[in-house]
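Only a predicted model underlies this, so the values are computations on that prediction, with no experimental measurement involved.
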Amino acid sequence: MSKAINRTNIVPGVVVKTKFITSHHKAFQQYVEYVDRDEAKQEERSVAHSFSLYQDYMGNPDKTSSLFTHKYDRLTEEQKAKLKESFEEAQNNNSIMWQDVITFHNPWLQEQGIYDARTHTVDERKLMYVTRQAMSKMLERERLNESAVWSAAIHYNTDNIHIHIATVEPNPTRSRGKNQDEINHLIRKEMVDQKKQDSSFAWRNRELKPLFLMVYNHLPQDKRQWQYSYNTIKPLKPYIDTLSEKYIKKYHQKEYHQLIKNLDKEVKELKKAYGEGTRDKGRYENYKQTKIDDLYKRMGNAFLQEMKAYDRKQQDVKRLLDRKQSGNQTARYKQHVPVHFSLRKIEKAFKSEYESWKNQQHYERMQRETERDRNQQNDYERGY
């Protein structure tokens, strides 16, 4: 789980630790499922299967109170159903779940007349009141007091009485959920989907065609492997990525720059949420590159799908030619360069071919520039 943030001095004698759970994390769903469980059945279970608010965080406490909220000491079935709906709505809207643990110092509880050390009894109503006061101050400070929904349960399974609280925003006021949606929209709709509708053989994409065909001619014979993540495609990935890079640079520079801006914003939010502990850095350090990799994977698969469509057309043309030349007998045709060589040999051969193509491109560009300079010189001499 994420690094805990200690919040002291919210109420004297109280320490609060907060953790943040993203909407896709299993602990979020576990809490949603917990909300409408029958608490009577929970108490009938063995200690190994007893109440668990956050399974991988809290362990198996021996004793807890029923759920309570800012308004109700004990929820009815109808109120629990409504609470569950709020948490499900928050999950669907990519809200973060704040998991707070409020720990009370027992001597302070005694001073407040909440805890009796001789009988080990607790005035739950007063404890709920104290919890509500603490949550009110915390939510106000976090600017969540108008939008958040929370529920809690009192735990008695450690030396110090403590309370676990789950807080969400059914309709997030913070921009994180919206930012995530925009990131996915930029990748999938603005860039990848548009490529799917744009032929690499269109005149405006003529500079992509030679590289497109080079990749196509080195694909494995088994077309089921024409997917970006297949190991047999690995030697071709740098060249597929070059196709994607050229396409993005030509048609989607604006969208790509916006994507990078949104990714940097998301990393900043994740860093703020999870903290900078060694265990938690992985939650946000690799996020940006992972999303960029996802863009290239999806764009690469768009090119590979286009190659499949191109291949089907080539096969159809070949069959027509074979029937014309051989009557009813179908000639055997190998469409691709043989792929029984090792991946290393394929990669070496392709690299040589790719370098040759780049040199040809450079030569043609030099020729165009020389011709342009010559024309400019002639215009100058004529006095234009």
Side-chain angles (χ1 to χ4, degrees), residues 1 4-21 27 31 34-45 47 50-55 57-80 82-84 86-87 97-146 148-168:
M1 299 292 287
I5 300 174
N6 292 323
R7 303 174 185 269
T8 56
N9 299 324
I10 295 176
V11 174
V14 177
V15 174
V16 179
K17 290 185 178 181
T18 303
K19 293 189 178 183
F20 304 86
I21 301 298
Y31 183 76
Y34 160 74
V35 168
D36 61 355
R37 287 179 185 173
D38 187 337
E39 287 141 351
K41 291 182 180 178
Q42 288 288 335
E43 297 202 355
E44 294 172 3
R45 296 182 180 181
V47 173
S50 61
F51 175 101
S52 176
L53 194 57
Y54 321 117
Q55 183 175 342
Y57 174 48
M58 290 173 56
N60 289 301
D62 296 322
K63 187 178 180 182
T64 70
S65 72
S66 61
L67 280 177
F68 68 94
T69 65
H70 75 290
K71 188 175 181 180
Y72 301 107
D73 290 348
R74 187 180 182 91
L75 303 181
T76 65
E77 292 301 316
E78 183 179 352
Q79 289 163 351
K80 283 192 289 185
K82 188 173 181 180
L83 177 65
K84 183 180 179 181
S86 296
F87 273 75
M97 180 191 288
W98 288 264
Q99 291 184 349
D100 292 292
V101 182
I102 302 181
T103 302
F104 299 93
H105 298 299
N106 290 351
W108 180 81
L109 289 176
Q110 284 184 273
E111 291 176 7
Q112 306 303 313
I114 298 173
Y115 176 64
D116 188 329
R118 291 184 303 102
T119 60
H120 301 288
T121 55
V122 176
D123 187 331
E124 287 192 350
R125 287 187 176 275
K126 288 184 178 179
L127 197 53
M128 289 177 188
Y129 173 79
V130 171
T131 301
R132 288 168 181 141
Q133 292 296 102
M135 284 300 296
S136 177
K137 289 182 179 292
M138 188 173 70
L139 293 178
E140 183 177 359
R141 186 172 67 181
E142 296 289 345
R143 291 179 295 181
L144 295 168
N145 49 314
E146 298 295 329
V149 173
W150 63 267
S151 60
I154 304 169
H155 288 238
Y156 310 106
N157 61 309
T158 62
D159 291 339
N160 289 310
I161 295 166
H162 59 282
I163 298 176
H164 285 270
I165 308 167
T167 307
V168 295

Nearest heavy-atom pair of Gly113 and Lys126: which atoms, and what distance? O-NZ, 3.6 Å
Would you give the length of the straight line joining atom CD1 of Ile161 to atom CD1 of Ile114, rounded to the nearest 0.5 angstrom? 9.0 Å
Minimum heavy-atom distance Ile163-Phe104, with the two atoms named: CD1-CE1, 3.5 Å
Is Glu140 paired with Lys137 through a side-chain N to carboxylate O contact shorter than 4.0 Å? no
Sequence neighbours left out, what passes side-chain contact (heavy atoms from CB on, under 4.5 Å) with Lys82? Give chain and number order. none
Do you know the tightest heavy-atom contact between Ile102 and Ala134? CD1-CB, 4.2 Å
Under 4.5 Å between any side-chain heavy atoms of Val130 and Gln112, yes or no? no
Mind checking what makes side-chain contact (heavy atoms from CB on, under 4.5 Å) contact with Tyr72, not counting sequence neighbours? Thr69, Leu75, Gln79
Once side-chain hydrogen bond (donor to acceptor under 3.5 Å, both in side chains) is applied, do any residues pair with Asn106, and if so which ones, sequence neighbours excluded? none
To the nearest 0.5 Å, tell me how far Tyr129 OH sits from Asp123 CG. 13.0 Å
With Glu111 via side-chain contact (heavy atoms from CB on, under 4.5 Å) - residues at least two apart: Trp108
Considering all heavy atoms, the nearest Ser86-Val168 contact: O-CG2, 4.5 Å
Partners of Arg132 by side-chain contact (heavy atoms from CB on, under 4.5 Å), sequence neighbours excluded? Phe68, Asp73, Met128, Trp150
With the side chain counted from C-beta on, respond yes when Met138 and Thr167 share a heavy-atom pair under 4.5 Å apart, and no when they do not. no
Can you give me the closest heavy-atom contact between Ile154 and Glu124, atom names plus distance? CD1-CG, 4.0 Å
Please report the interatomic distance NE2(His105) to CD(Gln110), rounded to the nearest 0.5 Å. 13.5 Å
Quick one: pull up CG in Leu127 and CG in Leu109 and give me the separation to the nearest 0.5 Å. 6.5 Å
Once you round to the nearest 0.5 Å, how far does CG of Leu139 lie from CG of Leu144? 6.0 Å
